[in-house]
Amino acid sequence: MRDLGVGFKYLVQGQKWVGLHGRWFGFGLLPGLVTLVLYTGALVGLGYGADDLVSWVTPFADDWTSPWLGIFRGTLTALVFSFGLFLAVITFTAVTLLVGQPFYESLSEEVDRSLGGEVPESGLPLWRELWISARDSLRVLLRVAFYGILLFACGFIPVIGQTVVPVIGFCVSGFFLAEELTAVAFQRRGVELKERLTLLRGRRMAVLGFGVPLTLAFLVPFVAVFLMPGAVAGATLMARDLRGETAGDDRDGDSGENDRDGGNLLSSGGDQEVHHLPH
C-alpha cells in the first residue's frame, strides 16, 4: 500500500516541476488545448444523441409501460454516456500525446536533464516516433476497449454494477493512463510496449497511485489540459524509478548548493534517495 503514496508523490512532483519551469508549462499546454476542443464537441454530441441511440437499438421496448420504459432506457443512456466518458478519459491522453509528441518529448528530456546524468534520446526521425506512438496507442486502446465492454456488461449486475464496477473502471483507466504518459519517457529509452507493461505491473500500486487520481481529475472539464504538462513530467520521474535510474552525480558543488537553496526535492522511491531539481 505504501507504493500508492509513492505514485501519488510523482504526480505531485511533476506538477511542481512545471510550476517551477513556467516556460515548459506553457509549452505543454498547446497540444491539450487542441485536443480539448475536439473532445468537447464529441462529448456534447454524445450527450444530445445518447437517448436517441438507445431508443434506436431497443425497439423491442417501445410498447413497455411506464415507468419501466423510462427506467430501462434511462439506465442504458447513462451507461452509454459513461462508457463514452470512460473512453474519452483514456483516449484523450493518447490523442494529446500523439498531437503533441515533439512538445512532450522535449519536456520529458528537460526533466531528465534537470536531474543530471545522461539524457536518453530515441535517435529516430519524427515520423517514425509518431508511427510507434500511434501503433502502441492503438494496442493499448484495444485493451481498454476490451475491459470497457466487459465492465459495461457487468454494469447490469444489481448492486455490483453500481458499486464495484465503477471502482474497477477507474483503476483500469488509471493504469492505462499511466502507461500512455510514461510511454513518452520509455520510448526515448527504446523500451517496447510489452516491456513497459511488465514494468508497470511490477509496481501496480504505484502506477494506480499515479494514474487513478489523475483519471478522477481529468473528469473535471479543462483540468486535463492544465495537468498534462505536469503529468508528463511526473510520468518521466516514475519511469526513471521503474527502470532503477538515479540522478547523475556529475553536477558540480555550486549546482547542488543552488538546488538546496531552491528547496525543490524529488525522491525516486519514497524515502530512499533525495534528488534536487535545478530551477
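Values below: all heavy atoms of this structure, side chains included; hydrogens, waters and symmetry mates excluded. When a residue number appears, it is its place in the shown sequence, counting from 1.
Phe186 CZ to Leu199 CG: the interatomic distance, rounded to the nearest 0.5 Å, is 5.0 Å. How far CG of Leu151 is from CG of Leu79: 11.5 Å, rounded to the nearest 0.5 Å. The CG atom of Leu242 sits 11.0 Å away from the CG atom of Leu237 when rounded to the nearest 0.5 Å. The CE atom of Met238 sits 5.0 Å away from the CZ atom of Phe210 when rounded to the nearest 0.5 Å. Here the CD-CZ distance, from Gln187 to Arg196, works out to 6.5 Å after rounding to the nearest 0.5 Å. How far CZ of Arg143 is from CG of Leu197: 5.5 Å, rounded to the nearest 0.5 Å.
The shortest side-chain heavy-atom distance between Ile157 and Val165 does not fall under the 4.5 Å cut-off. Proximity of Glu195 to Arg243: side-chain heavy atoms (C-beta onward) are separated by under 4.5 Å at one or more points.
Residues meeting the side chain to side chain contact (heavy atoms under 4.5 Å, CB included) test with Ala185, sequence neighbours left out: Ser108, Arg188, Arg189, Thr236, Ala239. Every residue two or more places apart in sequence or in another chain was checked for a side chain to side chain contact (heavy atoms under 4.5 Å, CB included) with Leu38, and none qualifies. Take Tyr39 and apply the ring pair (Phe, Tyr, Trp, His ring centres under 6.0 Å) test, not counting sequence neighbours, and it matches Phe92.
When all heavy atoms of Thr163 and Pro166 are compared, the closest pair comes out as O-CD, 3.3 Å. The shortest heavy-atom contact between Val212 and Cys171 is CG2-CA, 4.0 Å. Of all the heavy atoms in Leu177 and Gly211, the pair that sits closest is CD2-O, 3.9 Å. When all heavy atoms of Pro229 and Phe25 are compared, the closest pair comes out as CG-O, 3.7 Å. In terms of heavy-atom proximity, Leu181 sits nearest to Ala231 at CD1-CB, 3.9 Å. Nearest heavy-atom pair across Val95 and Thr35 is CG1-CG2, 3.8 Å.
Among pairs with a residue in residues 95-114, those fulfilling ring pair (Phe, Tyr, Trp, His ring centres under 6.0 Å) read Phe27-Phe103, at least two apart in sequence or across chains. Applying the side-chain hydrogen bond (donor to acceptor under 3.5 Å, both in side chains) definition to pairs two or more places apart or across chains, those involving residues 67-85 are Thr58-Arg73, Asp62-Arg73.
Under the 4.5 Å side-chain heavy-atom criterion for Ile, Leu, Val, Met, Phe, Trp and Tyr, Val232 and Val34 are members of distinct hydrophobic clusters. Leu150 and Phe170 are not part of a single hydrophobic cluster, where members link through side-chain heavy atoms under 4.5 Å apart. Under the 4.5 Å side-chain heavy-atom criterion for grouping Ile, Leu, Val, Met, Phe, Trp and Tyr, Phe176 is connected to Phe146 within one hydrophobic cluster. Met228 and Val37 fall into different hydrophobic clusters, where Ile, Leu, Val, Met, Phe, Trp and Tyr residues are linked whenever their side-chain heavy atoms come under 4.5 Å apart, directly or through other members. Under the 4.5 Å side-chain heavy-atom criterion for grouping Ile, Leu, Val, Met, Phe, Trp and Tyr, Trp56 is connected to Leu46 within one hydrophobic cluster.
Distance alone, capped at 3.5 Å, is enough to place a donor-acceptor pair between the Gln15 side chain and the Leu227 backbone. Between the side chain of Ser114 and the backbone N or O of Val111, at least one donor-acceptor pair lies under 3.5 Å.
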Would you please test Leu107 and Val184 for side-chain contact (heavy atoms from CB on, under 4.5 Å) and show each step?
CA-CA 10 Å; Leu107 191 156; Val184 177; over 6 Å; no
List the steps, then state whether side-chain contact (heavy atoms from CB on, under 4.5 Å) holds for Trp24 with Ser106.
CA-CA 9 Å; Trp24 288 100; Ser106 297; 3.8 Å; yes
Evaluate Glu179 against Leu193 for side-chain contact (heavy atoms from CB on, under 4.5 Å), listing each step before the verdict.
CA-CA 9 Å; Glu179 191 286 324; Leu193 177 60; 3.3 Å; yes
Any chance you could lay out the side-chain contact (heavy atoms from CB on, under 4.5 Å) test for Val80 and Val54, step after step, and finish with the verdict?
CA-CA 8 Å; Val80 167; Val54 169; 4.0 Å; yes
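Hydrophobic cluster of Tyr48: the remaining members, joined at side-chain heavy-atom separations below 4.5 Å, are Val44, listed by chain and number.
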